[in-house]
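Data first, discussion second: the structure below is written as structure tokens.
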Amino acid sequence: MSGELCSVRPLFGGAISTAFPQRFEDVSNIRQVPDHQEVFVDPSRDESLIFELLDFKTEVGDIGSASWFLNDLASEQDAEGFQLIEQSEVIEAPGLSYRNIPAVATTAIGEMAISKGRQGREAQNLVRVYVANLRLKGVDTDVLVTAYEPILINPLSESADAVGSGLAVPASQSGKMQMCDVIKQSLSTFKVNDWSLFGSSA
């Protein structure tokens, strides 16, 4: 574990808060981000952390829900060579229950080859993707926390301009917190401060 400084960040106007390393910059300061998302990046490492609020997917069971979202993400991003590496069991999240309706969480890890923005398949990078699904059943909301960690940067990718091509330098070698720990940190400190964020459900 690195000695990297983490700070509590307000999400969605402060209605939610969570803590993660200070090196992650708020993308909304640079470009427009959809209202249901909060996106943070570390451009020096081409790593990103995304928080997303989605309508609750009733057709998706709790067991393996994060894997379902990870698969969905892979097809949405036209990924190649998708591999599911690991998935967790269903974990209760007592601090996130609303009106005594329990909340649960699952996590999944996968690897896939994806392109940046509008770049084509010839510019795909190999990335490891961590997904956590917090199921806030009391307010009919699926929260997705997604962390992207590059493994291999394609020389044709726009990422190569910022971080260089080839094998990505492991976070631990740079004195940085690894993405698996970044997402754990953000989950363990994830807090809803204002349930009215979820509208009529709350």
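Throughout, numbering of the chain's residues begins at 1 and tracks the sequence.
- No donor-acceptor pair under 3.5 Å is formed between the side chain of Glu25 and the backbone N or O of Asp42.
- Around the CG atom of Asn29, the shell of radius 6.0 Å holds more than 12 heavy atoms that belong to other residues, nucleotides or ligands.
- A perpendicular orientation is assigned to the rings of Phe51 and Phe40, their planes being inclined by more than 60° (bins at 30° and 60°).
- Heavy-atom contacts from other residues, nucleotides or ligands closer than 6.0 Å to CD of Gln22 number more than 12.
- With rounding to the nearest 0.5 Å, the separation of NZ in Lys191 from OG in Ser188 is 13.5 Å.
- One finds no salt bridge joining Asp181 and Lys176 here, because no Lys/Arg side-chain nitrogen approaches an Asp/Glu carboxylate oxygen to under 4.0 Å.
- For Ala108 against Leu70, the heavy-atom pair with the smallest separation is CB-CD2, 4.0 Å.
- Ile30 and Leu49 fall into different hydrophobic clusters, where Ile, Leu, Val, Met, Phe, Trp and Tyr side chains are chained together by heavy-atom contacts under 4.5 Å.
- Residues satisfying the side-chain hydrogen bond (donor to acceptor under 3.5 Å, both in side chains) criterion with Ser48, sequence neighbours excluded, are absent altogether.
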Without placing hydrogens or testing angles, list every side-chain donor-acceptor pair under 3.5 Å for residues 126-134, not counting sequence neighbours.
from: Arg128; atom 1: NE; to: Glu111; atom 2: OE2; distance (Å): 3.1
from: Arg128; atom 1: NH2; to: Glu111; atom 2: OE2; distance (Å): 2.4
from: Tyr130; atom 1: OH; to: Glu149; atom 2: OE1; distance (Å): 2.9
from: Asn133; atom 1: OD1; to: Ser65; atom 2: OG; distance (Å): 2.7
from: Asn133; atom 1: OD1; to: Arg135; atom 2: NE; distance (Å): 3.3
from: Asn133; atom 1: ND2; to: Asp142; atom 2: OD1; distance (Å): 3.1
from: Asn133; atom 1: ND2; to: Val143; atom 2: O; distance (Å): 3.3

Handout entry: Worked verdict on Ser186 versus Thr18 for side chain to side chain donor-acceptor pair (under 3.5 Å)
Key = CA-CA 5 Å; Ser186 69; Thr18 182; 4.5 Å; no

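- Val104 and Phe56 are assigned to two separate hydrophobic clusters, defined by single-linkage of ILVMFWY side chains at heavy-atom distances under 4.5 Å.
- Atom CD of Glu52 sits about 8.0 Å away from atom CZ of Phe12, to the nearest 0.5 Å.
- Rounding to the nearest 0.5 angstrom, the gap separating the OG1 atom in Thr107 from the CD1 atom in Ile183 is 8.0 Å.
- Here the closest heavy-atom approach between residue Gly13 and residue Glu38 is recorded as N-OE2, 4.4 Å.
- Of all the heavy atoms in Trp195 and Ser97, the pair that sits closest is CZ2-O, 3.9 Å.
- Under the 4.5 Å side-chain contact rule for hydrophobic residues, Leu54 and Leu73 share a cluster.
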Problem - Asp46/Val41 under side-chain contact (heavy atoms from CB on, under 4.5 Å): CA gap, chis, key distance, verdict - result: CA-CA 7 Å; Asp46 200 37; Val41 296; over 6 Å; no

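- In this structure, CG in Asn71 is found 8.0 Å from CE in Met112, a value given to the nearest 0.5 Å.
- Here the CD1-OG distance, from Ile109 to Ser67, works out to 10.0 Å after rounding to the nearest 0.5 Å.
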Problem - Worked verdict on Met179 versus Val182 for side-chain contact (heavy atoms from CB on, under 4.5 Å) - result: CA-CA 5 Å; Met179 286 309 276; Val182 169; 4.1 Å; yes

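- Under the 4.5 Å side-chain heavy-atom criterion for Ile, Leu, Val, Met, Phe, Trp and Tyr, Phe190 and Val90 are members of distinct hydrophobic clusters.
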Practice task
Check the pair Thr106, Asp62 against side-chain contact (heavy atoms from CB on, under 4.5 Å), reporting the backbone distance first and the verdict last.
Solution key: CA-CA 8 Å; Thr106 60; Asp62 291 342; 5.5 Å; no

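- Side chains of Ser17 and Pro10 form no contact here, defined as non-hydrogen atoms less than 4.5 Å apart.
- Side chains of Lys137 and Pro102 form no contact here, defined as non-hydrogen atoms less than 4.5 Å apart.
- Expressed to the nearest 0.5 Å, how far CG of Leu53 lies from CG of Leu144 amounts to 9.5 Å.
- Annotation: Ile63, atom CD1; neighbour count of heavy atoms from other residues, nucleotides and ligands within 6.0 Å does not exceed 12.
- Ring geometry for Phe20 versus Phe24: interplanar angle over 60°, hence perpendicular rather than tilted (30 to 60°).
- Val145 and Ile85 end up in the same hydrophobic cluster when Ile, Leu, Val, Met, Phe, Trp and Tyr side chains are linked at under 4.5 Å.
- Taking every heavy atom of both residues into account, Ala19 and Gln185 meet most closely at O-CG, 3.3 Å.
- Taking all atoms of both residues into account, the shortest heavy-atom contact from Met177 to Arg23 is O-NH2, 2.9 Å.
- Contact of the Arg45 side chain with the Pro150 side chain is not registered, since no non-hydrogen atoms from C-beta on lie closer than 4.5 Å.
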Problem - Stepwise side-chain contact (heavy atoms from CB on, under 4.5 Å) check, Thr141 with Asp55 - result: CA-CA 5 Å; Thr141 301; Asp55 289 334; over 6 Å; no

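- The heavy-atom pair separating Leu96 from Ala103 by the smallest distance is O-CB, 3.4 Å.
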